[in-house]
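Down below is the structure, laid out as structure tokens.
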Amino acid sequence: MLKTHTCGQLRTEHTGQRVTLAGWVNRRREHGGLIFIDLRDRWGITQVVVDANASPKSHAVMGDVRSEYVLQVEGVVKAREPENINPKVATGEIEIHVDKVTILNPAKTPPLEISGEHEVNEEVRMRYRYLDLRRPRMQRNMMMRYEALRFIRNYLGDRGFVEIETPILFKSTPEGARDYLVPSRVHPGKFYALPQSPQQLKQLLMVAGYERYFQVARCFRDEDQRGDRQPEFTQLDIEMSFVEREDILQLLEELVTGMVETVSDKRLARKPFPRLSCAEAQERFGTDRPDLRFGLELKDVSDIAGRSQFKVFTTTIEAGNKVRALVAPGCAAYSRKEIGELEEIVKNAGAKGLAVIAVEADGTARSSIAKFFEDDLMAELITATGAQPGDLILIVADQLQIVNEALSTLRGEFGTRLKLTNPEEMCFCWIIDFPLFVWNAEENRWDPSHHMFTSPKPEDIHLLDTDPGAAYCQQYDLVCNGYEVAGGSIRIHDRIIQEKIFSLIGLDIEQARERFGHILEAFEYGAPPHGGIAPGIDRLVMLMAGEPNIREVIAFPKSQRAADLMADAPSTVESYQLEELHIKLADNIEQ
RNA sequence: GCAGACGUGGUGUAACGGCUAACAUACCGGACUGUCAAUCCGGAGAUCGCAGGUUCGAGUCCUGCCGUCUGCGCCA
């Protein structure tokens, strides 16, 4: 080793020892005959002192040293005088008096400051990701990510799980997200697909008798980016045999609780995790991934609104749609401009408009729609929403789905505006009891509400023939602070039911057998009842690290347009490579 | 695919359509033996993302393109 200790290791108890350190120059402070260097490695920062009198040679070498030079220094650990102690650094009570300095490698001035406080443009960070990763924020995030994975592997290993790798080159399947395709050289005109998740493979591992499987699995989806979505991301894929929903929920809840408490400094807001049915979540929060760090629940005022003289409300109710409300506490004094902003939000969500009622100090209403309400009815409305004097009532009337979408977005907005989203808290909840299907009006067929391997509730299986829309499934999602962080289900292990689901979602038997023949066949060779769940590692680590974007917890992420700005991928390839793959580019594409 | 924001020395920002494009920091040189965001003195560094256009005059206004970000569509 080129070092005897790390830069975060030495304390006063090492005083007098001769040590060798190696690392990067974090900062340099020169005082003529005396030079201080903060030497940095992964473990910390240690102050190195070079004295021109004590060691003229090393002083001369150190004179040429600049930021981010890679150094090896040899010297003696000395306790600092009390007035020189730096309490901000773990090693601040000692320093190394150096008599030998070796420049292992010089460094150009970096395009972004490693030790500085400056915010740096995202483009520069990605272009020089290896330098960005040197910075404390990214070092901390990468360490936390590894600690999380270590916790997970130990936890599951201790409970009899086995980690099994599944192929990256696999098969394209219909439905779901767009696949990343890999052309086959050996099979002209045929393609592998990168897995969107190891879903089928983990179920086949259950058929194969492994009973408790997990994998830290890379998944690929060729869809456009969001703050919490990258084209490749990491799932903790878990599958178990002979389990019921409760077994999976308990396992994962324990795992997540332990992981957060071990590797993160965030506080778990609620233990055990509350459970909400999908319907209840929609009713109370307008979404199936609510941020439960704060209240601001939605209230249905359809009945009251229907008795008003306000045409917009009455026609909405007559059409069988809904009028629902959100109360923004203390916002009665909102200006026209601020209300315009809120209006913009609901319109983006598809709503036609936003009705607002300000509750005055005396409890009366100030609103452009007040004239359509008898005083008693208005009082009833205010009571129903639970609004207090000084509050602002926000009302949207539309189809239930649009109302919920609009109000849940508004709710999120007020969570932020009113500082109700404590960044030090993680508030997990389970969402359960999802419908098995959602109706796809465009294609005139049922779509699986999650995926096509999710088992219906046993008591609802008979509905598949009569009323598929009424059937519920054994799906469960784990939600934290408004993010879906895990999803799973008890699976179908019966060929007949699986084929029935395929047909209900519009796959004809031929297609189903071509695409899923292997799994249908496997179900006939003794498939055990099984189920699982797949937490998104990137999202969980993002939340534990308090970061706003999963890029911050991925070492080499892609840009919004799915490019690697450092390596400049994707890139063109040599024409012989295309020939080998039997690929001809379209005429309008330049090679 | 759509919408919005942004793009100015290495980095982060500023500049009413008008003077030599300013400030901070980093960088380079000099001084300095107890600093820890060292300090002090001096210096260099910008084809204002690219291409057009409007104008007596464009970093600034307009159009197109490129890139980054945020959101929508998309994401079983």
Side-chain angles (χ1 to χ4, degrees), chain A residues 26-39 45-54 59 63-64 66-68 78 80-89 91-92 95 97 107-128 131-132 173-179 196-197 199-200 219-231 233 344-345 347-350 405 409 412-413 436-438 440 446-454 473 475 484 487 489 501-502 505-507 515-516 536 548-549 551 558-561 563 565 568:
Chain A
N26 198 56
R27 274 181 197 281
R28 192 180 76 115
R29 293 174 295 280
E30 188 175 352
H31 288 244
L34 197 63
I35 299 175
F36 299 96
I37 296 280
D38 292 336
L39 197 66
I45 288 178
T46 299
Q47 175 163 284
V48 166
V49 188
V50 197
D51 187 322
N53 292 334
H59 183 269
D64 294 332
R66 294 294 182 269
S67 284
E68 301 306 316
K78 291 205 173 156
R80 299 196 200 178
E81 299 297 324
E83 67 271 23
N84 290 335
I85 286 173
N86 182 357
K88 286 186 239 167
V89 183
T91 60
E95 61 196 11
H97 287 246
K108 298 209 298 193
T109 303
L112 51 89
E113 264 184 86
I114 312 296
S115 62
E117 311 288 309
H118 272 317
E119 282 294 307
V120 182
N121 186 308
E122 207 69 19
E123 214 168 330
V124 176
R125 294 181 64 198
M126 294 306 156
R127 166 80 180 76
Y128 297 96
L131 296 179
D132 190 40
T173 52
E175 310 285 323
R178 194 177 295 115
D179 283 321
Q196 296 182 24
S197 86
Q199 182 61 36
Q200 298 174 51
C219 306
F220 306 86
R221 295 178 190 176
D222 187 2
E223 299 292 351
D224 288 325
Q225 319 292 288
R226 291 291 183 277
D228 59 353
R229 265 167 40 193
Q230 282 271 313
F233 61 99
E344 196 59 33
I345 291 171
K347 282 183 176 165
N348 278 334
E405 167 81 17
T409 310
E413 174 70 18
L436 180 60
F437 293 115
V438 291
N440 183 335
W446 293 105
D447 280 343
S449 75
H450 279 76
H451 67 56
M452 53 193 131
F453 305 108
T454 301
C473 66
Q475 164 78 27
E484 181 188 324
S489 62
I501 299 286
F502 284 156
I505 63 178
L507 273 179
R515 288 294 165 187
F516 300 108
N549 195 300
R551 282 195 305 273
K558 307 245 183 317
S559 76
Q560 182 132 38
R561 297 195 61 242
L565 301 181
D568 192 27

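Note that these values count all heavy atoms, side chains included, but never hydrogens, waters or copies made by symmetry. Proteins get letters first, then strands, A, B, ... in listed order; numbering begins at 1 in each.
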When rounded to the nearest Å, what value does the distance between [atom1] atoms of [N] and [M] take?
N	M	atom1	result
B:rG43	B:rA3	P	50 Å
B:rC23	B:rA37	P	26 Å
B:rU63	B:rU55	C1'	16 Å
B:rG71	B:rU8	P	22 Å
B:rC72	B:rU25	C1'	38 Å
B:rU70	B:rC36	C1'	39 Å
B:rU54	B:rG7	C1'	22 Å
B:rA46	B:rA26	C1'	16 Å

By nearest atom, which of the nucleotides [options] is closest to the [X] side chain?
X	options	result
A:Asn53	B:rU70, B:rU11, B:rU33	B:rU33
A:Asn121	B:rU33, B:rG1, B:rG12	B:rG12
A:Ala177	B:rU68, B:rC75, B:rU33	B:rC75

Short side-chain N/O contact from [X] to OP1 or OP2 of [N], under 4.0 Å:
X	N	value
A:Thr109	B:rG10	no
A:Arg66	B:rC28	yes
A:Ser67	B:rC27	yes

Before you tell me yes or no, could you show the steps for A:Phe437 and A:Ile501 under side-chain contact (heavy atoms from CB on, under 4.5 Å), namely the whole-Å CA-CA distance, both residues' side-chain angles and the distance that decides it to 0.1 Å? CA-CA 10 Å; A:Phe437 293 115; A:Ile501 299 286; 3.9 Å; yes

On RNA chain B, nearest-nucleotide positions of A:Gln225 versus A:Gln560: which is more 5'?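 By nearest-heavy-atom nucleotide position, the 5'-most residue is A:Gln560.
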
Please figure out whether A:Phe453 or A:Asp228 has its closest RNA chain B nucleotide nearer the 5' end.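 Residue closer to the 5' terminus by nearest nucleotide: A:Asp228.
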
Starting at atom [atom1] of [X], determine the distance to atom [atom2] of [N], rounded to an integer number of angstrom.
X	N	atom1	atom2	result
A:Arg221	B:rC75	CZ	C1'	7 Å
A:Glu123	B:rC6	CD	P	15 Å
A:Lys558	B:rC69	NZ	P	13 Å

Wobble G-U and Watson-Crick pairs count when both distances are under 3.5 Å; given that, what is the 5' to 3' dot-bracket string of RNA chain B, with | for pairing to other strands? (((((((..((((....[...)))).(((((.......))))).....(((((..]....))))))))))))....

Measure the acute angle between the ring planes of A:Phe502 and A:Phe453, then classify it against the limits of 30° and 60° as parallel, tilted or perpendicular.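 It falls in the perpendicular class, over 60°.
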
Contacts of type side-chain contact (heavy atoms from CB on, under 4.5 Å), residue A:Glu68, not counting sequence neighbours: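 Checked A:Glu68 against side-chain contact (heavy atoms from CB on, under 4.5 Å); matches are A:Trp24, A:Arg40, A:Ala107, A:Pro110, A:Ile114, A:Arg134.
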
Near A:Lys558 NZ, under 6.0 Å, is it more than 12 heavy atoms from other residues, nucleotides or ligands?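 Counting neighbours around NZ of A:Lys558, more than 12 heavy atoms of other residues, nucleotides or ligands fall under 6.0 Å, so yes.
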
Base of B:rG67 paired with side chain of A:Arg127 (donor-acceptor, under 3.5 Å):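 Between B:rG67 and A:Arg127, which were checked side chain against base, a qualifying N/O pair under 3.5 Å is absent.
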
Describe the nucleic acid contact of A:Glu122 in one word from base, sugar-phosphate, nothing, applying a heavy-atom distance below 4.0 Å.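 Here A:Glu122 touches the backbone only, sparing every base.
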
List, with names and distances, any nitrogen or oxygen atoms from the protein found under 3.5 Å away from nitrogen or oxygen atoms belonging to nucleotides 35-39 of chain B.
from	atom 1	to	atom 2	distance (Å)
B:rU35	O4'	A:His31	NE2	3.4
B:rU35	O2'	A:Arg29	NE	3.4
B:rU35	O2	A:Arg29	NE	2.7
B:rU35	O2	A:Arg29	NH2	3.3
B:rU35	O2	A:Gln47	OE1	3.3
B:rU35	N3	A:Gln47	OE1	2.9
B:rU35	N3	A:Gln47	NE2	2.9
B:rU35	O4	A:Gln47	NE2	2.8
B:rU35	O4	A:Arg80	NH1	3.4
B:rC36	O4'	A:Arg29	NE	3.0
B:rC36	O2	A:Gln47	OE1	3.4
B:rC36	O2	A:Asn86	ND2	3.0
B:rC36	N3	A:Arg80	NH1	2.9
B:rC36	N4	A:Asn84	O	2.4
B:rA37	OP2	A:Lys88	NZ	2.8
B:rA38	OP2	A:Arg29	NH1	3.2
B:rA38	N7	A:Glu30	O	3.3
B:rA38	N6	A:Glu30	O	2.4

